[in-house]
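Okay, so here's the structure we're looking at.
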Amino acid sequence: MSGDHSHNDSQIDSGSRYNDSHKHKDKYKDKEHKHKDHKKDKEREKSKYSNSEHRDSSEKKHRDKERPKLKDGSSDKQKDKNREKKKEERSLDGKPKKEKENGFGSPYIKSEPENDDFYHSPKHEKSLKRERDDDDAEFKPKKIKTEDIKSEKKAKKRKQEDEDIKPKKKTKDKKAEVATDGKKKAKKEPEEKWKWWEEERYTDGSKWRFLEHKGPVFAPPYEPLPNNVKFYYDGKHMKLSPDAEEVATFFSKMLDHEYTTKEIFRKNFFKDWRKEMTSEEKSKITDLNKCDFIEMSEYFKAQSEARKSMTKEDKLKIKAENERILQEYGFCVMDNHKERIANFRIEPPGLFRGRGDHPKMGMLKRRIRPEDVIINCSKDSKIPKPPPGTKWKEVRYDNKVTWLVSWTENIQGSIKYIMLNPSSRIKGEKDWQKYETARRLKKCVERIRAQYREDWKSKEMRIRQRAVALYFIDKLALRAGNEKEEGETADTVGCCSLRVEHLSLHQEMDGLEFVVEFDFLGKDSIRYYNKVPVEKRVFKNLQLFMEDKEPEDDLFDRLNTSILNKHLQELMDGLTAKVFRTYNASITLQQQLDEISNGEDTIPAKILSYNRANRAVAILCNHQRAPPKTFEKSMQNLQAKIDAKKEQLGEAKRELKSAKADAKVRRDEKSKKAVETKKKAVQRAEEQLMKLEVQATDREENKQIALGTSKLNYLDPRISVAWCKKYDVPIEKIYNKTQREKFAWAIDMAEKDFAF
DNA sequence: ATTGGCACTTAGTATCGGTGAA
DNA sequence: TTCACCGATACTAAGTGCCAAT
């Protein structure tokens, strides 16, 4: 990376990033009312000279302020952002459209798929082979994304498959664990895992040929409260109708949570609760503050206590039942392979809790019934049966999508899906492809950087904005920042949706020139706070973008994610804003590992190095977590252990010393041996102490940083696998079981010389 | 050109459950 | 054997990005 892109220096040790979030929230709360109008403002700007009669005058005042022309002489009037976007930028750098390649052309041609004939019905057998996308990254003539080629291939493939109905000879996949008693640990899982990454992929946009599953598991029906658990309104006992009671229990279960005290939450809840009441209840219950849920709350607490103190047998029984459900509903057959489903349970009803300051918190998330559910599977599969007496909303046979079940959720009106586990072929291929795209970016990132630096000087505002935004996305790993619908979600932003109020410019700060201070809420309302020295030209551009704007105006008023991504697409096939995050995360890991790994270290020290590299990425991507509730305590415990170990070490040393002295005098075998023993003890204690100290460092540094997200979503697993091989660290130290399943492809294929 | 719908990835947190220390 | 702790897993919200309709 060129010097300018050493992202993290400014972030890694800025302890100031993780400020008290409450303080922070308050700050945002204060601004809330301003944000409210923000979107409206935009609309108003579009139709600015008409139709403003219902706005209040103070708003209007700043809105309609005349905006001066740009310094650089371009004639854009800030306001008609939407016009202006002529297509003259088509041929930005004159480069022809980049070839398509997806990097799947790796030379693993061998294919001996194991086959679960255990699970699939013979009549459904199809070819196991899928055609490999032949656009190899390195040397193949690249395929252009055209339908012709695709359909040609499609035709070819179909033919092949038709001829190939008979399955290839299979290696038996002994699902031995089922057969023999599960007690034994010796049991390998399936002896051979299916190596989907050694097979061809579909090239026609279809996601599967065959899909069979059992449908979703519904939430258990509501069980009315026993009669002795009472609800009181205004001090008087009141028996609620079942529907109203159910919703009341949702609230009562949350009583200990802070958010049941929030006004919006209470308001939303009460409104939705009333909808579930009988008209009689509705007329009586008019004030939430007069509702007393305490008995219900106590009842549920007691229930959960009871659950905890169940007998071992009962617990085992429940466990067995869960296992049975998992076995029945937790898997599907997709293209001859049994695959694990990620979330086969339909979300139970409850009260919606969005993250951050969510306008819909407390609303009732309604119960999903079979009539709400769409099933997706193969026509020729065993179609899942709806529960007795019910019907599915629809059964469809769409192999262009990957989901098995979907329903529409009532809070945002968005669609929810049941899909496969990350270890599945369908997710794995996509994941692999993602990293290949990021690796392609590596090859042309310098060109792209040169380009956007050049664009900082453009005489067109929209191009400058695009170039500065891209610089942020690249340097700071910001998210793209799609527009969001006002009032539907918490007020959060990403790069393209940054507002003037989210950054402040400092000509000079802490001895550095041209510092930009970012402070905004990003995805999940996680605060992004960072002070970054930028190049002078960027700084000047930002001044220009912010000129004559109100705090709640868009920083990049001529840019959105769609424009940006269209541009990126022209720079590299498959390039979008999020690829920069993947790329920068992975390249940072690789660089950090190269830099700080030491072959001489002990395994724990190596792992600390790895975690530190991982941490650098997490910081870059701003992956935070609330410090665990037990953090202080667990830190103290660890410290106590360290102290004890030190004590023990001191003691061991003293003993060694006296043993030595003793041996010097006595000069016999026995005392010599004693010295050796003591030496060993000292050594062991030293090692243990070191290990503990390393652990403490690691934990301390991790206090509010979450490593999991980057590990799971941004770091090319092959980098980690290669590192493990190079430094002789067992892969289990880096990836737990789930992670090893997800990254099986990488573990199988990456050698120690893999370079991202 | 904008909008809304859709599909899919990315995200933090709540809860589970296995394990090692007491 | 019990219990506290902590990593693993479950859960579901909140993003991105693309496409087709307007």
Side-chain angles (χ1 to χ4, degrees), chain A residues 42-43 46 80-87 207 257 304 307-309 312 315 318-319 322 326 330 342-348 350 352-356 358 360-361 365 374 376 398 400-403 406 408-409 411-422 426-427 430-431 434 479-485 488-490 492-497 521-526 560-566 568-569 574-579 581-582 585 618 621-626 628-631 633-634 637-638 641 699 704 706-714 735-739:
Chain A
K42 273 190 162 171
E43 281 159 28
K46 281 181 216 158
D80 25 22
K81 171 171 177 177
N82 308 321
R83 229 105 41 70
E84 215 69 40
K85 342 229 137 132
K86 292 289 123 76
K87 49 313 201 55
K207 306 292 167 69
H257 249 110
S304 80
R307 223 173 306 125
K308 265 185 245 164
S309 53
K312 208 175 289 168
K315 280 184 180 169
I318 290 176
K319 197 180 166 191
N322 280 337
L326 173 68
N343 55 324
F344 54 89
R345 286 172 205 276
I346 286 195
E347 296 173 17
F352 176 81
R353 170 57 189 169
R355 312 217 174 125
H358 198 116
K360 300 195 168 184
M361 65 170 83
K365 209 167 84 157
I374 303 175
N376 191 36
D398 182 357
K400 297 283 193 278
V401 297
T402 67
W403 52 268
S406 76
T408 301
E409 153 267 352
I411 303 289
Q412 316 277 357
S414 65
I415 307 171
K416 301 270 191 161
Y417 302 95
I418 291 182
M419 291 184 188
L420 297 194
N421 200 60
I426 211 157
K427 294 290 183 189
K430 202 72 184 300
D431 205 37
K434 173 183 75 188
R479 296 188 184 81
N482 280 316
E483 280 136 294
K484 310 167 64 184
E485 215 175 320
E488 296 293 299
T489 62
T492 62
V493 297
C495 186
C496 293
S497 48
L521 297 183
K523 183 176 178 180
D524 295 313
S525 293
I526 296 289
N560 61 37
T561 53
S562 151
I563 296 171
L564 179 65
N565 280 336
K566 207 168 285 168
L568 292 175
Q569 185 60 38
L575 186 60
T576 61
K578 83 198 260 291
V579 178
R581 250 167 103 80
T582 311
C621 294
N622 201 37
H623 291 141
Q624 300 189 33
R625 62 168 184 177
K629 285 187 203 59
T630 56
F631 185 84
K633 186 139 76 72
S634 99
N637 286 349
L638 195 53
K641 271 190 192 172
R699 193 179 297 176
Q704 25 196 187
L707 299 188
T709 303
S710 49
K711 196 186 249 188
L712 238 40
N713 299 300
Y714 288 102
Y735 290 139
N736 67 27
K737 178 158 156 288
T738 319
Q739 296 168 155

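In what follows, every chain begins at residue 1, and chains take the letters A, B, ... in the order their sequences are listed. Heavy-atom basis, side chains included; hydrogens, waters and symmetry copies ignored.
With sequence neighbours excluded, the residues forming a side-chain contact (heavy atoms from CB on, under 4.5 Å) with Ala480(A) are Thr561(A), Ala577(A), listed by chain and number. With sequence neighbours excluded, the residues forming a side-chain contact (heavy atoms from CB on, under 4.5 Å) with Asn637(A) are Lys633(A), listed by chain and number. For Phe344(A), there are no ring pair (Phe, Tyr, Trp, His ring centres under 6.0 Å) partners, not counting sequence neighbours. When the side-chain hydrogen bond (donor to acceptor under 3.5 Å, both in side chains) test is applied to Lys319(A), no partner is found at least two apart in sequence or on another chain. With sequence neighbours excluded, the residues that form a side-chain contact (heavy atoms from CB on, under 4.5 Å) with Arg355(A) are Asp524(A).
Taking atom CG on Asn482(A) and atom P on dA7(B), their separation rounds to 18 Å, with Å as the unit. In this entry the distance linking CD1 of Ile374(A) with P of dG5(B) reads 14 Å, nearest Å. Taking atom CD1 of residue Ile411(A) and atom C1' of nucleotide dT12(C), one finds them 12 Å apart after rounding to whole Å. Here dC11(C) presents its C1' atom at 9 Å from NZ of Lys416(A), a figure rounded to the nearest Å. To the nearest angstrom, P of dT12(C) lies 18 Å from CE of Met361(A). For Ile415(A) and dC19(C), the CD1 to P distance is 17 Å, given to the nearest whole Å. For Arg699(A) and dG7(C), the CZ to C1' distance is 11 Å, given to the nearest whole Å. dG7(C) atom P lies 12 Å from atom CD of Gln739(A), rounded to whole Å.
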Test side chain to side chain contact (heavy atoms under 4.5 Å, CB included) applied to Ser634(A) and Arg699(A), step by step: CA-CA 10 Å; Ser634(A) 99; Arg699(A) 193 179 297 176; 2.9 Å; yes
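Within the structure, every side-chain polar atom (N or O) of Thr489(A) is placed at least 4.0 Å from both OP1 and OP2 of dA14(C). The side chain of Lys578(A) places an N or O atom within less than 4.0 Å of a non-bridging phosphate oxygen (OP1 or OP2) of dT10(B). For Lys308(A) and dC3(C), the shortest distance from a side-chain N or O to OP1 or OP2 is not below 4.0 Å. In terms of phosphate contacts, Thr561(A) brings no side-chain nitrogen or oxygen within less than 4.0 Å of OP1 or OP2 of dG17(C). In this model, the phosphate group of dG15(C) is approached by a side-chain N or O of Thr492(A) to a distance below 4.0 Å at OP1 or OP2. At the phosphate of dA8(C), OP1 or OP2 sits under 4.0 Å from a side-chain N or O atom of Asn736(A).
Here the shortest heavy-atom pairing between Lys427(A) and Leu420(A) reads CE-O, 3.6 Å. Listed here is the closest heavy atom pair of Ala706(A) and Gln624(A): CB-O, 4.1 Å.
Asn637(A) comes within 4.0 angstrom of the backbone, heavy atoms only, and of no base. Looking at heavy-atom distances under 4.0 Å, Ala577(A) makes contact with sugar-phosphate atoms alone, never a base. Using a 4.0 Å heavy-atom cutoff across all strands shown, Lys360(A) reaches no nucleic acid atom at all. At the heavy-atom level, Pro348(A) lies under 4.0 Å from the strands shown only through sugar-phosphate atoms. Gly494(A) comes within contact range of no nucleotide atom at all, as no heavy-atom separation falls under 4.0 Å. Looking at heavy-atom distances under 4.0 Å, Gly522(A) makes contact with sugar-phosphate atoms alone, never a base.
With dA13(C), dG15(C), dC6(B) as the choices, the nucleotide that has an atom nearest any side-chain atom of Lys484(A) turns out to be dG15(C). Taking every side-chain heavy atom of Lys427(A) into account, dC8(B) is the closest of dC8(B), dG17(C), dC11(C).
If you find the closest nucleotide of DNA chain C to Gln412(A) and to Ser634(A), the one lying nearer the 5' end belongs to Ser634(A). Checking Asn565(A) against Asn343(A), the closest nucleotide of DNA chain C that is more toward the 5' end is the one next to Asn343(A).
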In the 5'-to-3' direction, what one-character label does each nucleotide of nucleotides 11-22 of chain B receive under the scheme B = base within less than 4.0 Å of a protein heavy atom, S = sugar-phosphate only, - = no such atom? BBSS---S----
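Between His358(A) and Phe352(A), the ring planes lie perpendicular to each other; the angle is over 60°, past the 30° to 60° tilted range.
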